[in-house]
Amino acid sequence: MPELPEVETTVRGLAKFLDGARIERVTLNRPDLRRPFPQDLVQVMTGATITSLSRRAKYGLFHLDRDQSVIFHLGMSGRWRIDPEEPDKHDHMVVETAHNRFALCDPRRFGSVDMVATAELDAWGPFASLGPEPLGPDLTPAYLRAALKGKVQNIKLCLLDQRIIAGLGNIYVCEALWRSGIRPTKQGGKVTRPQLERLVPAIKEVLAASIRDGGSSLRDYAAPDGELGYFATRFDVYGRTGEPCHHNDGGMIKRIAQGGRSTWYCPVCQK
DNA sequence: AGTATCACCTGCTAGC
DNA sequence: TGCTAGCAGGTGATAC
């Protein structure tokens, strides 16, 4: 899924069509994704105008002219299909305007759709404990140093923790650690100050580069207008088991498991 | 509180 | 060709 850059790309793509649009019809093809769809979702959305769209962490938001916001998460395999020619068996929610049709397609159904009063978004459960946006001004080496202080958990899992930084996922954590020369198994609290000074810009750069390229292109992901991004061809470590490190230091990219998920890194330049 | 493990679900690929 | 095992972008509930 969609990590932060893919969600950002999706929201921007949807906004081209939906910003200011009136929702004519909403169809639910099943009762739930991870969670049940909100009881009054269809009723509130139908006839509402979308006044703006935004993103928080890996969540996309439609803000309605009814003091409510619809929040979607794409899970591992979700995407929005715009004006699909054929229905897909995993199109779980379909939103129609006068001019377009938008299908939320999610084969694994790890995604979610929620609806929350716009004024109460910050206090909404999943948002209440989120850390700072990595592309915003609040993610600094000083912040990260304080957030990681005393952490015995490895830095890879610390960076996946949405309470520390909101929006990083497996791909971009691996890439950012490679760019900053940090071993993923190092304890969070033991990452040095110079390493943090490199890590913060590395996170921002790798995310910004991916957004520039329109989000990564992986098996289950397509930008909402159907165009694929091409950042996937530029990963330095993710999925490159056994291939040479792009720093040409003689290292071969290694895959290990951390917290039940794969991590890729170079044993030579990441210390 | 912090940390570790597992569960959720479908689809694809590698290997036999 | 057909089967099975393993793995996939994330979160959140549970158990120490």
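All chains are named by letter (A, B, ...) in the order of the sequence lines, taking the proteins before the strands, and each is independently numbered beginning at 1.
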Value in whole Å for how far the [atom2] atom of [N] lies from [atom1] of [X]:
X      : N      : atom1 : atom2 : value
A/F127 : C/dG12 : CZ    : C1'   : 15 Å
A/E3   : C/dT11 : CD    : P     : 9 Å
A/L168 : C/dT11 : CG    : P     : 10 Å
A/R56  : C/dG10 : CZ    : C1'   : 16 Å
A/D32  : B/dT10 : CG    : P     : 11 Å
A/I256 : C/dC7  : CD1   : P     : 14 Å
A/M76  : B/dA7  : CE    : C1'   : 12 Å
A/Q187 : B/dT3  : CD    : C1'   : 12 Å

Quiz item: Which base, if any, makes a Watson-Crick or G-U wobble pair with C/dA8, both distances under 3.5 Å?
Solution: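 Result: B/dT10.
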Taking only side-chain nitrogens and oxygens of [X], does any of them come within less than 4.0 Å of OP1 or OP2 of [N]?
X      : N      : result
A/Q162 : C/dG10 : no
A/R109 : B/dC8  : no
A/H90  : B/dC9  : no
A/K58  : C/dT11 : yes
A/R35  : B/dC8  : no
A/H73  : C/dT11 : yes

For the residue pair [Y] / [X], report whether a side-chain donor-acceptor contact shorter than 3.5 Å exists.
X      : Y      : value
A/D106 : A/S77  : yes
A/R34  : A/S112 : no
A/T118 : A/H63  : no
A/K156 : A/N170 : yes

Exercise. Quick one: label A/S262 by what it contacts on the DNA or RNA (base, sugar-phosphate, nothing), any heavy atom closer than 4.0 Å.
Key: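 The residue A/S262 makes sugar-phosphate contact but no base contact.
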Exercise. With heavy atoms under 4.0 Å as the rule, sort A/G169 into base, sugar-phosphate or nothing.
Key: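 Sugar-phosphate, backbone atoms only, no base.
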Quiz item: Got a donor-acceptor pair under 3.5 Å from the side chain of A/R34 to the base of C/dT11?
Solution: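 Such a pair exists between side chain and base.
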Quiz item: Side-chain donor or acceptor of A/R108 under 3.5 Å from a matching atom on the base of B/dC9?
Solution: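 Counting by modelled atom types and ignoring angles, a donor-acceptor contact under 3.5 Å is found here.
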Please determine, for the side chain of [X], which listed nucleotide ([options]) has the closest atom?
X      : options               : result
A/Y59  : B/dA4, C/dT11, C/dA8  : C/dT11
A/R255 : B/dG11, C/dG10, C/dA8 : C/dA8
A/W264 : B/dA4, C/dA8, C/dG10  : C/dA8

Self-check item: Residue A/R183 excluded, over 12 heavy atoms near CZ under 6.0 Å
Solution: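 Enclosed.
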Practice problem: Give a yes/no verdict on base stacking between B/dC9 and A/F110: centres under 5.5 Å, planes within less than 30° of parallel. | Solution: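 A stacking contact does not exist, since A/F110 is not both close and nearly parallel to the base ring of B/dC9.
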Practice problem: For C/dC3 versus B/dC9, give the span between their P atoms, rounded off to a whole number of Å. | Solution: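 Each nucleotide's P atom is 24 Å from the other's.
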Quiz item: When the P atoms of C/dT11 and B/dC12 are considered, how many whole Å apart are they?
Solution: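 Straight-line distance between the two P atoms is 23 Å.
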Exercise. On the 0 to 90° scale, with breaks at 30° and 60°, tag the A/F72-A/F62 ring pair as parallel, tilted or perpendicular.
Key: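 Tilted.
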Practice problem: Take A/V152 and A/K89, find for each the nucleotide of DNA chain B with the closest heavy atom, and name the residue whose nucleotide sits nearer the 5' end. | Solution: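 The residue whose closest nucleotide sits nearer the 5' end is A/V152.
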